Amino acid sequence: MPDARRHALVIGAGLAGAAATASLARRGWLVTLLDAASGPAQGASGLPVGMLSPHVTRSPTPLSRLSALGVAHTLAELQRMVPQGSGWQTCEVDNLGHDPGRWPATLVRPAALVRAWLEEAHALGGLTHRWNAAVQRLSSAANNDTSTRWKAWDAQGRCVAEASVVVVAAALGSGDLLTGNAGPMSRDDLPLNPVKGQMSLGPQWGAPLAERPRRNDGVYVPSYQDEGLPPTWPGAIWAMGSTFERGLRGTTITAEAHERNARSLETIEPAAAQHLRSELAENRLLGWSQVRCASLDRLPLVGAAPNAEALRQRLAAARLGRQRAALADVPRWPGLHLLCAMGSRGITLAPWCAAQLAAQIDGEPTDVDPTLMAALDPARFAVKNARRPGTAQRPVTTG
């Protein structure tokens with residue numbers, strides 16, 4: 001049974017938030033899950049089909065190392081929780097440009113995994129969810145036992161939930177929440193950027209136009225069948241995308257983005273590009289569009305939120321040189337954690353990152369290379385800013 005003394009608030013019910021919810025529930029936490037939408041996986045995690053595959057590089061990078069861990073973790077979660085054909089199917093992908101060759105891959109409908117995690121958390125007795133619950137700000141106060149209590153407030157000034165631990169997993173909304181309305185962080189210390197992605201798709205009739213998925217500038221899926229696609233989508237689809245439009249927050253489906261997908265598809269399968277354009281001209285082409293969240297260095301943010309102002313004060317009081325600032329020096333906001341900025345790799349990264357964060361919250365040591373965990377630490381930007389001259393910022397309060 002969950003321990004009522006261990007209560008966490010998770011904000012955001014996409015891949016990251018649902019993975020965090022399930023990871024904490026398995027550890028005996030009570031979780032209150034909040035999302036501004038009418039249900040889970042309504043944002044970027046609601047795409048009809050995505051691809052789980054490794055990020056291969058000539059020499060290891062933080063992203064390639066993280067991807068290798070994440071692919072194995074996500075595949076194990078799919079095999080454990082979702083029947084094949086009802087949210088995923090194994091395949092191979094032909095890489096035509098970067099990392100040329102044929103690679104093992106998995107086609108995934110992320111919402112199936114999101115719902116499976118939430119069902120698991122419900123079954124464990126550890127989940128309360130509230131939809132249409134947009135959080136406008138967070139505040140904190142000390143309890144009588146010196147612990148910290150966080151409260152989530154809506155636009156009408158009502159407290160919608162409170163807990164001693166908060167996981168902010170609201171993708172791009174994480175930045176709006178934590179840096180606005182006297183939030184605990186500044187935009188310099190939480191540099192999150194929007195990246196719009198639009199997918200072009202349609203019903204798959206007859207023989208697919210390619211034997212297997214292909215990837216160059218975008219991924220072409222010639223055929224994907226999933227009993228969970230209807231009624232939103234046909235039960236069998238082809239898909240191309242998604243676009244990668246930095247700086248755009250809108251989700252409007254546009255003909256221009258469809259044409260960008262068509263141009264990319266020309267380099268992958270010309271006949272499929274011709275079909276896409278024909279469907280567009282006949283007003284039969286389907287589309288999906290959402291906004292991803294990426295960090296300044298394109299790596300996720302996983303861990304305790306930094307108190308950057310306290311760091312600057314500590315360095316000043318100790319008369320330490322700016323170059324002496326390190327992650328270990330950064331004070332943290334008690335009980336406040338980040339799990340966001342998965343970019344276009346949420347399927348690959350979110351489950352593994354959520355498991356790591358749950359272990360951190362429970363105070364467990366990790367056997368992951370410390371340099372990799374440091375690359376994901378949300379305090380890395382605060383440290384860089386503290387080392388840079390002329391970065392004094394406004395004081396931040398959370399009362």
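The model shown is predicted, which means the values in this text are computed figures rather than measured ones. FYI, the numbering just counts along the sequence from 1.
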### Task
Scan side-chain atoms only and decide if Q356 and T366 contain a donor-acceptor pair under the 3.5 Å cut-off.
yes

### Query
When you check the side-chain N and O atoms of S264 and N261, is any donor under 3.5 Å from an acceptor?
no

### Message
With a sphere of 6.0 Å drawn around CG of D217, does it hold more than 12 non-hydrogen atoms of other residues, nucleotides or ligands?
### Response
no

### Query
Which pair of heavy atoms, one from G250 and one from V291, lies closest together, and at what distance?
O-CG2, 3.7 Å

### Message
When you measure from the side chain of S295 to the backbone of P300, do you find a donor-acceptor pair of N or O atoms at a distance under 3.5 Å?
### Response
no

### Query
Shortest non-hydrogen contact from D377 to A379?
OD1-N, 2.8 Å

### CZ on R292 to CZ on F244, rounded to 0.5 Å
6.0 Å

### Query
Going hydrophobic residue to hydrophobic residue with side-chain gaps under 4.5 angstrom, can you get from L248 over to W288?
no

### Query
Restricting to pairs with a member in residues 227-241, which pass salt bridge (Lys or Arg N to Asp or Glu O under 4.0 Å), not counting sequence neighbours?
none

### Query
Cut-off 3.5 Å, side chains only: do H7 and T32 have a donor facing an acceptor?
yes

### Query
Given E77 and R26, is the salt bridge (Lys or Arg N to Asp or Glu O under 4.0 Å) satisfied, shown in steps?
CA-CA 13 Å; E77 287 292 277; R26 289 182 210 122; 3.0 Å; yes

### Query
So E266 and R277, salt bridge (Lys or Arg N to Asp or Glu O under 4.0 Å) or not? Walk me through it.
CA-CA 11 Å; E266 282 181 338; R277 288 192 171 110; 2.5 Å; yes

### Message
Starting from Y224, can I reach W103 by hopping between I/L/V/M/F/W/Y residues whose side chains sit under 4.5 Å apart?
### Response
yes

### Message
Just so I know, are the side chains of L339 and C353 near enough to count as touching, which here means a heavy-atom distance under 4.5 Å?
### Response
yes

### Message
My understanding is that only residues two or more places apart in sequence, or in another chain, count here; which of them pass ring-ring contact (aromatic ring centres under 6.0 Å, His included) with W131?
### Response
H129

### Query
Are V195 and L301 linked, directly or through other ILVMFWY residues, by side chains that come within less than 4.5 angstrom of each other?
no

### Query
What ring pair (Phe, Tyr, Trp, His ring centres under 6.0 Å) pairs are there with at least one residue in residues 294-313, not counting sequence neighbours?
none

#### Entry: Separation of I11 CD1 from D35 CG (nearest 0.5 Å)
10.0 Å

### Query
What's in the same ILVMFWY side-chain cluster as L96, cut-off under 4.5 Å, chained through other members?
L209, Y220, W238, M240, L265, I268, L276, L280, L285

### Task
Quick one: closest heavy-atom pair of T252 and S289, and the distance?
O-OG, 4.0 Å

### Query
Are any non-hydrogen side-chain atoms of L286 and W233 less than 4.5 angstrom apart?
yes

### Message
Can you tell me if Q84 has over 12 outside heavy atoms packed within less than 6.0 Å of its CD?
### Response
yes

### Query
Mind checking whether E256 and E259 have side chains closer than 4.5 Å, heavy atoms only?
no

### Query
When you look at CD of Q79, are more than 12 heavy atoms from neighbouring residues, nucleotides or ligands closer to it than 6.0 Å?
yes

### Message
Just so I know, are the side chains of L33 and T128 near enough to count as touching, which here means a heavy-atom distance under 4.5 Å?
### Response
no

### Message
Could you check whether S64 and H55, counting side-chain N and O atoms only, form a donor-acceptor pair closer than 3.5 Å?
### Response
no

### Query
Hey, quick one: are I253 and M199 part of the same hydrophobic cluster, counting side-chain heavy atoms closer than 4.5 Å, chains of contacts allowed?
no

### Student check: side-chain heavy atoms of P104 and T90 closer than 4.5 Å
no

### Task
Take D176 and R187 through the test salt bridge (Lys or Arg N to Asp or Glu O under 4.0 Å) and record every step on the way to the result.
CA-CA 9 Å; D176 298 332; R187 292 197 179 274; 3.4 Å; yes

### Query
Does the pair D154 and R137 meet the rule for a salt bridge (Lys or Arg N to Asp or Glu O under 4.0 Å), with working shown?
CA-CA 7 Å; D154 66 12; R137 69 181 182 92; over 6 Å; no

### Query
Taking only residues two or more places apart in sequence, or in another chain, which ones meet S174 in a side chain to side chain donor-acceptor pair (under 3.5 Å)?
none

### Query
How about W153 and S139: does a side-chain donor come under 3.5 Å of a side-chain acceptor?
yes

### Message
Under 4.0 Å between a side-chain nitrogen and a carboxylate oxygen: does that hold for D369 and R65?
### Response
yes

### Query
Say you draw a straight line from CZ of R284 to CD of E279; how long is it, rounded to the nearest 0.5 Å?
4.0 Å

### Message
Any non-hydrogen side-chain atom of V165 less than 4.5 Å from a side-chain atom of L9?
### Response
no

### Task
Find the distance between OG (S344) and CG (L349) and round it off to the nearest 0.5 Å.
8.5 Å

### Task
Consider only side-chain N and O atoms of S38 and N132, and report whether a donor and an acceptor are under 3.5 Å apart.
no

### Query
Given side chains that start at C-beta, do those of R212 and D94 come closer than 4.5 Å, heavy atoms only?
yes

#### Entry: Minimum heavy-atom distance P62-L299, with the two atoms named
CB-CD1, 4.0 Å

#### Entry: CD/E92: more than 12 non-hydrogen atoms of other groups inside 6.0 Å
yes

### Query
With Q156, which residues qualify under side chain to side chain donor-acceptor pair (under 3.5 Å), at least two apart?
R158

### Message
Looking only at side-chain N and O atoms, does D362 offer a donor or acceptor that is under 3.5 Å from a partner on W29?
### Response
yes

### Summary
d(M373 CE, L327 CG) to nearest 0.5 Å is 11.0 Å

### Heavy-atom donor-acceptor pair, W150 side chain to A161 backbone, under 3.5 Å
no

### Task
Could you grab the distance from atom CZ of R312 to atom CZ of R314, nearest 0.5 Å is fine?
13.0 Å

### Closest heavy-atom pair and its distance - R109, S86
NH2-O, 3.1 Å

#### Entry: Heavy-atom pair of closest approach, residues P378 and L338
CB-CD1, 3.6 Å

### Task
Tell me yes or no: between the side chains of S186 and D188, is some donor less than 3.5 Å from an acceptor?
no

